[in-house]
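Note that this is a predicted model, so its numbers are computed, not measured. Each chain gets a letter, A, B and so on, in the order the sequences are listed, and its residues count up from 1.
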2 protein chains.
Amino acid sequence: MDNVTIKMLAKELNLSTAAISKALRDSHEISDSTKQRVLELANRMNYIPNAYAGSLRRRKSNTIAVVLPEVADSFFSLAINGIESVAREKGYHVLIYLTHESFKREQDILKEFQSGRVDGILMSLTAETASYQHICALEAKNIAPLVFFDRVCDESNTAKIMTDDFESGYKATKHLIECGCKKIAVLSISNYLSISSKRLEGYKQALQDHSIPFDPINLIYCGNDADSNYRFIRKILHEKDRPDGILATVEKLTTKVYLACRELSLRIPDDIKIVSFSNLSAASLLNPSLTTITQPAFEIGKAAATVLFKSLDKKSFQLENIREVLPSELIVRGSTVSGQ
Amino acid sequence: MDNVTIKMLAKELNLSTAAISKALRDSHEISDSTKQRVLELANRMNYIPNAYAGSLRRRKSNTIAVVLPEVADSFFSLAINGIESVAREKGYHVLIYLTHESFKREQDILKEFQSGRVDGILMSLTAETASYQHICALEAKNIAPLVFFDRVCDESNTAKIMTDDFESGYKATKHLIECGCKKIAVLSISNYLSISSKRLEGYKQALQDHSIPFDPINLIYCGNDADSNYRFIRKILHEKDRPDGILATVEKLTTKVYLACRELSLRIPDDIKIVSFSNLSAASLLNPSLTTITQPAFEIGKAAATVLFKSLDKKSFQLENIREVLPSELIVRGSTVSGQ
DNA sequence: TTGAAAGCGCTAACAA
DNA sequence: TTGTTAGCGCTTTCAA
């Protein structure tokens, strides 16, 4: 295939490679006439700079990494859209790494970043992530600036873009209580993640403000296996003292709840009411339509990328301990109020 | 940050950089004892090879590109999962490029690949893509092997992984006819894509086999703007001789149909029946549940990546003109048959 | 079995 | 304004 190189251009024009390089980067120390000749030839010969030669020399890859648990989830896929929109504008490339909620994988990925492959990192933690040494190690070595989005690491001193999880948990729970729920179960995927604990705090606060005692039995931790999650949820809904309200902190669990209710002939919202954290565009089309806490997913991705590029632009690896909070929205629909 | 380099290891052990390099790659020309010493030190000093130095030298990036229209779509996000699962196993990195259905962007992205940034490319065409010079140019230059998935380019001689679009179009239409539809509209996003024309061919064949004349007025092309798509669909459903059956070839259009039907008080499936190409896991939970043509999205992604790596493994840029067809499935639900 | 040296393609001092 | 030179970190002949 043998691409056109700067050397070839130099030879062709009887110039040095340095002159070509500078001309291509529109340096002020090259005459306009030369620049023009270089650009013209580069264009004619279809010169494309070798991506890795420049990266090696300048220690800059023009590439960022996005590390997230999952892509087949409306929140994350929308966040990627937000990230990509900024990266594209900046002329950056986006490497994607899926952890599938595996802590081990998250560690391996971060370790790999020491290779200098990326200039910056956007990250959303695994549900399993309970220790933060791999993150501290990365930060200590000043490898690349790191920005967390959504599933942030409170123990880290870097920038974090998130939503108001406490308030969301509170609002959702309050709504369920006001709809008459007495026994509200929380479906969670992690007891480590800060978003989980914050949503849970909001839940507890709402209970307390309405004089409902908190019962740990209503905390339901689900794992990573869809089938066993389904069986687990079904079992809970089948019990005599089943919950009459569900707060699902993850979109994928909501499907399971709907299916279980259908199979057990539980009527939503009459027998049981459901609020879910979800960005599903079809939420309003479900049967019944789903009351959601909807996060500003695209905006979160965009904000995270924007903060990251701000630090890349000024070549400072050390990001301030920013904490940007974008509000989520409670959208009331048929799974909590009939006829909505 | 200053990472550990081969040079440092060499100095520390009083060996040449060549010896270190060979030892690290487990070359047979290095003694076991030396290998051991090198490995031990590399490990202790936490040596991570510079990603781009190796890539520059070996002209190999261990990176593939995935070029697709959109990530916030269940088909594509599942396909990415399939791709990532294979890439990870092979130790490859995955760059993601979203075209957002823009032909211009697709061209730019492909052009960029001449920089040698990626070893291989997985691609699904834009809805706008009607000319294939950018693809031919890429192939002619032997930049990197290219595998198409789903939205393939028939004009290219490379490998293609797809589903049985003709049969799917046929099955879906036949089903609608058997449910009593007389006037079936097809919602499409492109008159260029081969998947679109094949699904359309299937549609036409089914009509013909059931002695229903084909009327071009029932072909409805939607664009890239969600709002105007909605208004357009709503307008069509509001007309006196509106269709009594809809075949949506894209998931995102189905939401619009449901919304329009709701607003116009059209009952699904009584007044109008709907089949949609969709991988939405919530399809069975919609109101009414959605009859779908469901594609093997994960498997398509996996198959495409597998074919690509087969060619990367044997270092042949020229892929055979393979055409792998994985079957889609018609899943009958409530949007075509009441009570399902 | 090890080392010396060249060079992947590009950039950045420094010199001219 | 242009050229020379050195080198980013690694691999790969070829020689020792």
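Base engagement by Ser21(B) is indicated by at least one non-hydrogen atom pair under 4.0 Å involving a base atom.
Inter-axis angle, ends of the helix from dT1(C)-dA16(D) to dA16(C)-dT1(D), five pairs per end, rounded to 10 degrees: 40°.
The side chain of Ser31(B) lies closest to dT1(C), out of dT1(C), dG9(C), dT2(D). Among dT11(D), dC10(C), dG9(C), the nucleotide with an atom closest to any side-chain atom of Ile6(A) is dC10(C).
Across Val67(A), Ile121(A), Leu110(A), a single residue satisfies side chain to side chain contact (heavy atoms under 4.5 Å, CB included) together with Leu146(A), and that is Ile121(A). Each of Ile83(A), Thr163(A), Leu78(A), Val325(A) was scored for a side chain to side chain contact (heavy atoms under 4.5 Å, CB included) with Ile300(A), with one residue passing: Thr163(A). No option in Glu324(B), Arg323(B), Glu299(B), Lys302(B) other than Glu324(B) meets the side chain to side chain contact (heavy atoms under 4.5 Å, CB included) test with Ile161(B).
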Pairs under 3.5 Å (N/O, protein and nucleotides 3-7 of chain C):
from   : atom 1 : to       : atom 2 : distance (Å)
dG3(C) : OP2    : Ser16(B) : N      : 2.8
dG3(C) : OP2    : Ser16(B) : OG     : 3.3
dG3(C) : O6     : Lys22(B) : NZ     : 2.4
dG7(C) : N2     : Arg57(B) : NH1    : 3.0

Evaluate the criterion side-chain contact (heavy atoms from CB on, under 4.5 Å) for residue pair Val118(B) and Thr63(B); output intermediate values, then yes/no. CA-CA 5 Å; Val118(B) 297; Thr63(B) 305; 4.1 Å; yes
Mind running side chain to side chain donor-acceptor pair (under 3.5 Å) on Gln114(B) and Asn46(A) for me, showing each step along the way? CA-CA 10 Å; Gln114(B) 290 182 39; Asn46(A) 194 29; 3.1 Å; yes
Thr129(B) vs Thr99(B), side-chain contact (heavy atoms from CB on, under 4.5 Å): CA-CA, chis, key distance, verdict: CA-CA 11 Å; Thr129(B) 304; Thr99(B) 58; over 6 Å; no
Please assess Arg117(B) against His93(A) for the test side chain to side chain donor-acceptor pair (under 3.5 Å), listing each intermediate value before the final yes or no. CA-CA 10 Å; Arg117(B) 193 178 290 275; His93(A) 301 258; 3.3 Å; yes
Please report the C-alpha distance between Tyr47(B) and Leu41(B) in whole Å, then the side-chain angles of each, then the deciding distance to 0.1 Å, and finally whether the side-chain contact (heavy atoms from CB on, under 4.5 Å) criterion is met. CA-CA 8 Å; Tyr47(B) 168 76; Leu41(B) 184 69; over 6 Å; no
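Asn3(A) places its CG atom 14 Å from the P atom of dC8(C), with the value rounded to the nearest Å. Summarising the geometry, the separation between NZ on Lys60(A) and P on dG9(C) is reported as 22 Å, rounded to the nearest angstrom. Straight-line distance from the CZ atom of Arg58(A) to the P atom of dC8(C): 20 Å, rounded to whole Å. Atom CG of Leu9(A) is separated from atom C1' of dT11(C) by 15 Å (rounded to the nearest Å). Distance CG (Asp26(A)) to C1' (dT11(C)): 16 Å, rounded to an integer number of Å. Here dT11(C) presents its P atom at 13 Å from CD1 of Ile30(A), a figure rounded to the nearest Å. Summarising the geometry, the separation between CZ on Arg37(B) and C1' on dT1(C) is reported as 13 Å, rounded to the nearest angstrom. To the nearest angstrom, C1' of dT11(D) lies 12 Å from CG of Leu24(B).
Neither OP1 nor OP2 of dT1(C) sits under 4.0 Å from any side-chain N or O of Thr34(B).
The distance between the ring centers of Tyr97(B) and Phe113(B) falls below 6.0 angstrom.
Salt-bridge annotation for Arg151(B) and Glu106(B): absent, with no side-chain N of the basic residue lying under 4.0 Å from a carboxylate O of the acidic one.
Residues Pro69(B) and Thr126(B) fail the side-chain proximity criterion, which asks for heavy atoms closer than 4.5 Å.
Looking only at atom types and distance, the side chain of Thr158(A) has no donor-acceptor partner in the side chain of Ser156(A) under 3.5 Å away.
Within residues 38-56 of chain B, the residues approaching DNA chain C are Leu56(B), by heavy-atom distance under 4.0 Å.
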